[in-house]
2 protein chains.
Amino acid sequence: MTNKKKTTIKDIANVLNISPAAVSKALHDDSRISDKTKEAVREVAKELNYQPNHLASALRRGKSNLVGLIVPRTNSNFFSSVIQNIEEVLNKKGYNIIITQSNESFKKECSNIDTLLFTQVDGIIASMANETINLEYFEKIKSKGIPLILFDRGENNLNVDYIGINDYDSSHMIVEHLVKQGCKRIAHIGGYRHTRIFNNRIRGYIDAIKKHNLPLEEDLLVESSLTIEDGREKMKQLLALKKPPDAVYVAADYAALGALQVLEEENIKVPADIALVGFGNEPFTALVTPSITTVNQHSDEIGKQAALTFLERVKSPNKKQTLNKFILEAELIVRESSNKKR
Amino acid sequence: MTNKKKTTIKDIANVLNISPAAVSKALHDDSRISDKTKEAVREVAKELNYQPNHLASALRRGKSNLVGLIVPRTNSNFFSSVIQNIEEVLNKKGYNIIITQSNESFKKECSNIDTLLFTQVDGIIASMANETINLEYFEKIKSKGIPLILFDRGENNLNVDYIGINDYDSSHMIVEHLVKQGCKRIAHIGGYRHTRIFNNRIRGYIDAIKKHNLPLEEDLLVESSLTIEDGREKMKQLLALKKPPDAVYVAADYAALGALQVLEEENIKVPADIALVGFGNEPFTALVTPSITTVNQHSDEIGKQAALTFLERVKSPNKKQTLNKFILEAELIVRESSNKKR
DNA sequence: TATATTTGCTTAATCGTTTAAGCAAAATTA
DNA sequence: TAATTTTGCTTAAACGATTAAGCAAATATA
């Protein structure tokens, strides 16, 4: 029953006594093939359970219709939502997606890039690992002449299309909100400065603090790897200060969660004693007690836009034209952890 | 600088004045090629920045070295961890992975299967969508003659390799634990019975209840889609009973979280009034207050085993032999939501 | 009616690798 | 020294699809 040998266009051609070329054209609805033949070909194809060999056509046409994805991890709501939206747009256009994870490791990211190039993807959409400073491997993608699109974690000096949110403005939004809540010593647990988004958040924080004439102290601005564990560490560090803050803005939700744990353990009232704000709108921020104020990054829009940008690039690859930079405005979601008036 | 045309073995051959065949063999360390030639080939290959064309070799060899993955979603800790472990094992053996998500939709799952078959994957590792009842598409994979390995969400009548945990025993473990905590009316918010794992958990629950001579009432066993929202719904339903339970065992962590929210809203003390147990060890279970007792499914082991099973299948494809069924023992993680003695 | 165009195919080359088969030169054995 | 084996390559045919070029037959145009 189970045909071990796969059906090829040659098999169909043999049945109908026509050439393989005619079969190929019939299947692609070529205008130079008669309707009668097309009909017959489709029929036999179905009968023999013909499945086109993607490898063969990809080889011949010089494109694989595969798009590579590199994300730090898939088990974050943000990334999995971006992925889903990219998939939705690209699948409709006949592209399939290969998802790879870097686990925030530079080394893994490099090997992912090699893997994807090896698989002959038609383009790569990526969000960089935290560790990544050396851009050599991303240059490698560019030098292959296939489109590279970055989102969220990008790099200014790489000169490629980028989709992200306005991190600088988001920091302003957050500081403004905390000021309105009556906070006077606002700390920031930020990410690594070499990553564009975290740098922007830090710059936004600094400028906003200045704007509101609040104390801008070295001790109140700490750099973190933004894991849960490091969020705990850095919160403890802030609590140990002579003059601890009355509000903490953490640049990522997981780290904010770590900070919240420490505050609970120390019996510090949130938001009464210390207000807390995270970043990313991970589902758990709405679920913990107190729920955490955070920033929604519009992952769906980012995903769609990244996919559309890729499609545009493959359509007109020669346009060395202007780079696409989509900077979306983020949305502050105020929850219990920073809402004193209720 | 950027060579637009890609280097092929032909280019290498031309430089060295040997045949492309010799180059191919040299690159594969064929014993019939002299060390001198091999060395020269490797050198020129590096110089010209040669990258083998995967499509061509895959076409020729009849295998793509790609493995397809189908999971309900990637933003669950369980699945993302399984994926990571599969990746780790298979990458080492030269395989790359194409991850696809079904979003628990039968239709999406079918299109994922088509996609993967079209991409000429060498095998498929999958966890079925909740919705899936019709197995036609999975039969399609089998009939292609490529290995199909299921994990977690499997099906008994599909007759393929399977890796999962002992759900039946896990239910026993949970009920036993709750009994020890002094609970006397234990409810179960379970998944759909047609899914093997949920059915096993239900069977385990029933048998364990019987074993301990506890009331086995229709109202205490409810079927759920196991989303957060449905967890809320079903919890409300249980609270509305004339005789509500004093313990609830929910078959998935997200639904357990929904249940916990309702209990908090109703000011019901957990675990004092009602004890709560989830399933899956999602990270948030340790982070919410009270933290949720749950079951660790050994996602790393499952991933590794799934990958190894695939490798074994491709090594000896003809062995129609015994099916591989790996049933791992799960681990109960007792947390605040069910721990009355502290 | 003669010529030009369109229709509906076929032929053959190609994409880049792999590999079975073959063949001369070198090395080994008898 | 002659016969055999081994070494180190080459030649050519695949893998399955696509596509430029070509060519009869049918149809349209002058």
What is the separation between atom CD on B/Q120 and atom C1' on D/dG16, rounded to the nearest whole Å? 10 Å
Considering only side-chain heavy atoms of B/S34, which listed nucleotide, D/dC9, C/dG16, D/dA17, is closest? D/dC9
Under the ring pair (Phe, Tyr, Trp, His ring centres under 6.0 Å) rule, collect the residues that match up with B/F310, sequence neighbours excluded. B/Y95
Between C1' on C/dG8 and CD on A/E39, what's the gap in Å once rounded to a whole number? 17 Å
Taking CG from A/N14 and C1' from C/dT10, how many angstroms apart are they, rounded to a whole number? 14 Å
Figure out the CG/C1' separation between B/N53 and C/dT14, and round it to whole Å. 13 Å
Donor-acceptor list for residues 43-53 of chain A side chains, cut-off 3.5 Å, not counting sequence neighbours:
from	atom 1	to	atom 2	distance (Å)
A/N53	OD1	A/L55	N	2.8
A/N53	OD1	A/A56	N	3.1

Do the side chain of A/R60 and the base of C/dT14 come within less than 3.5 angstrom through a donor-acceptor pair of N or O atoms? yes
Without decimals, in angstroms, what is the distance between B/K63 NZ and C/dT19 C1'? 16 Å
Rounding to a whole Å, what distance do you find between B/D35:CG and D/dT6:P? 18 Å
Basic-acidic side-chain contact under 4.0 Å: A/R153, A/E104: yes
Taking side-chain hydrogen bond (donor to acceptor under 3.5 Å, both in side chains) as the test, write out the residues that go with A/S299, two or more places apart. A/S81
Spacing of A/N91 atom CG and A/I86 atom CD1 [to the nearest 0.5 Å]: 11.0 Å
Please tell me if B/T37 has a side-chain N or O lying less than 4.0 Å from either OP1 or OP2 of D/dC9. yes
Whole-Å distance, A/R61 CZ to D/dT18 P, equals 7 Å
For DNA chain D, which residues in residues 16-32 of chain B have a heavy atom at a distance below 4.0 Å? B/N17, B/I18, B/S19, B/A21, B/A22, B/K25, B/R32
Applying side-chain hydrogen bond (donor to acceptor under 3.5 Å, both in side chains) to B/S34 and not counting sequence neighbours gives B/T37
Mind checking what makes side-chain hydrogen bond (donor to acceptor under 3.5 Å, both in side chains) contact with A/T74, not counting sequence neighbours? none
Between atom NZ in B/K6 and atom P in C/dC15, what is the gap in whole Å? 14 Å
